[in-house]
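What follows is a single structure, written as structure tokens, with notes after it.
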Amino acid sequence: MSRLIRPHGGLSLRDQVALLRESRALLEQPSRRQFLRGAVTLGGLSLLTGCSVTDGASAEQLLEKVSRLNDQAQGWLFDPERLAPTYAEAEITRPFPFNAFYDRDSIQTVAEDDWELELSGMIRNTRAWSINELRALPQQEQITRHICVEGWSAIGRWGGVRFSDFLQRIGADTTAKYVGFKCFDDYYTSIDMATALHPQTLLTLTYDGQPLPPEYGHPVKLRMPTKLGYKNPKYIEAMFVTNAYPGGYWEDMGYNWFGGS
Amino acid sequence: MTVTRPPIIHPLWLRLMHWANALAFLLLLTSGWRIYNASPFWPFRIPGDLTLGGWLGGALLWHFAAMWLLVGNGILYLTVNLFSGRLMRRFLPVRPLTLLAECLAALRGKLNHQDPAHYNQVQRMAYLFAMVDLVVLVLSGLVLWKSVQFSGLRELLGGYENARRIHFVAMTGGFAFLLVHLLMTLLFPVTLRSMLRGR
Ligand code: HEM
């Protein structure tokens, strides 16, 4: 998936409108407190009133602590060698859904000549890369399932540079904990080094054999079939290697950081 | 004067586990409904007021916290019941003919609920169903949570998308059990007392 409640295949217009409204509401008030709303409307749970569990702040702290434990559990479950399933051409979902924290009308584009991938942090050679330089590197392809945090999934075909090859080429310190990404649509996220080095993690330049179109993250996105959609940044303009936890757009609002699948 | 107190029907460990399970199940049920609403695969949504979490991110936090309680508690419960012989004693055998007769009796409002130390056939069936249903819920949930890592289980359940449907159907089964369970508790409130105080 990525990022937001976006309608897609098989929904009635009314459902789509409802979904859209929900996503707007979410955009308008990403108040972290509001996830507790609803607790009081539940007869069974109001039993707990008065006990610290329904006290907004401490429930939130507890849930966040568990979410950090869930990061660790996922890191521990993650098998660096286990591959996500791959699919045949005929199984590709067409059209592949567009998904972002804004509408299709607001997609930003950049001229390829004006774009460079900036590198920083624990990397030996931090010179920037142009799109043509990236295209000149050995390329890989995969047809894999993209799973959204909302539950839906879609199969797509991506091509580009194996990310572990790229990290090696730029002399990234692969003993560091995190790789962080900044995107020109103001999105940002970060991943664990083990996933960065996974053989199916792809610095993605193409979709279905064509240069990545604007809706899927032109000019460059990171594709990881081992992580949920919101962990797969599009429109990347900078990346860095670090030991300091960089967080992420949705992660800072409460989505689980590891976001593995 | 000696007061003979009735014997303990539900030991303390069982009561604690039962209520921990009930809490975990309600949290998972209501947060799960909100997660479903984020991307419904059938032509209906669950009324937002019945859901927990306020938004998708909040619902996910509740869901992935409560799952540990349900799973940890459930593993303990099944282990103790299996190895102590309590499972055999309390829940088995289920005799189809007696079960049928008791179902019919129940519909006529004549279910035998007199001996609180023994579960009748309808109860045995219902509780065994709840146990199996929760196991299916957890296994399909694992596939939804980490479909790449639990690849064997994923293939067994027919892939990620199929596991979503299985998870929903198992949720519906668990919810239906809960409704009947609550109705029976209302009809036979003495059982509630024993599940709270042990006797
Ligand atoms: C939240 C409200 C609930 C109430 C008021 C409630 C009430 C009760 C009562 C009174 C009994 C004892 C029955 C008897 O002694 O004849 C019981 C047993 C049981 N309940 Fe619940 N229950 C609730 C939720 C649940 C849930 C959510 C589940 C599972 C999904 C569940 C599963 C069971 C099982 C398996 C037993 C048998 C336990 C054993 O003997 O090992 N209950 N419940």
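Every chain is numbered from 1 and lettered A, B, ... according to where its sequence line falls, protein lines coming before strand lines.
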Self-check item: For the student: nearest non-hydrogen atoms of A:I147 and B:S147, plus distance
Solution: CD1-OG, 3.4 Å
Quiz item: When you look at A:W152 and B:Y160, which way does the ring-ring contact (aromatic ring centres under 6.0 Å, His included) test go after all the steps?
Solution: CA-CA 10 Å; A:W152 59 266; B:Y160 172 82; over 10 Å; no
Quiz item: Quick check: are there more than 12 heavy atoms from other residues, nucleotides or ligands sitting under 6.0 Å from CG of B:L107?
Solution: yes
Quiz item: Taking atom CG of B:L61 and atom NZ of A:K65, what is their separation to the nearest 0.5 Å?
Solution: 14.0 Å
Quiz item: Just wondering, do A:P225 and B:V148 contact through their side chains at under 4.5 Å, heavy atoms?
Solution: no
Quiz item: Of the backbone (N, CA, C, O) and the side chain (C-beta and beyond), which part of B:Y36 lies under 4.5 Å from a heavy atom of chain A, both, or neither?
Solution: neither
Exercise. Answer with side chain, backbone, both or neither: which region of A:D79 has an atom nearer than 4.5 Å to a non-hydrogen atom of chain B?
Key: both
Exercise. Flag the pair A:P85 / B:R154 as yes when at least one side-chain heavy-atom distance between them is below 4.5 Å, and no otherwise.
Key: yes
Exercise. For A:L77 and B:Q149, work out which heavy atoms get closest and say how close.
Key: O-OE1, 3.4 Å
Exercise. Please answer whether the main-chain N or O of B:F64 pairs with a side-chain N or O of A:N70 as donor and acceptor at a distance below 3.5 Å.
Key: yes
Self-check item: Inter-residue atom distance A:N256.CG - B:H63.NE2, 0.5 Å rounding
Solution: 13.5 Å
Practice problem: Applying side chain to side chain contact (heavy atoms under 4.5 Å, CB included), run through B:L56 and A:V149 and close with a yes or a no. | Solution: CA-CA 9 Å; B:L56 174 60; A:V149 67; 4.1 Å; yes
Exercise. Would you confirm whether B:K146, through its side chain, and A:Q74, through its main-chain N or O, come within 3.5 Å as a donor-acceptor pair?
Key: no
Quiz prompt | Per-residue contact mode, A:L69 against chain B (heavy atom under 4.5 angstrom) | solution = neither
Quiz prompt | Neighbour count above 12 (heavy atom, 6.0 Å) for B:R197 CZ | solution = no
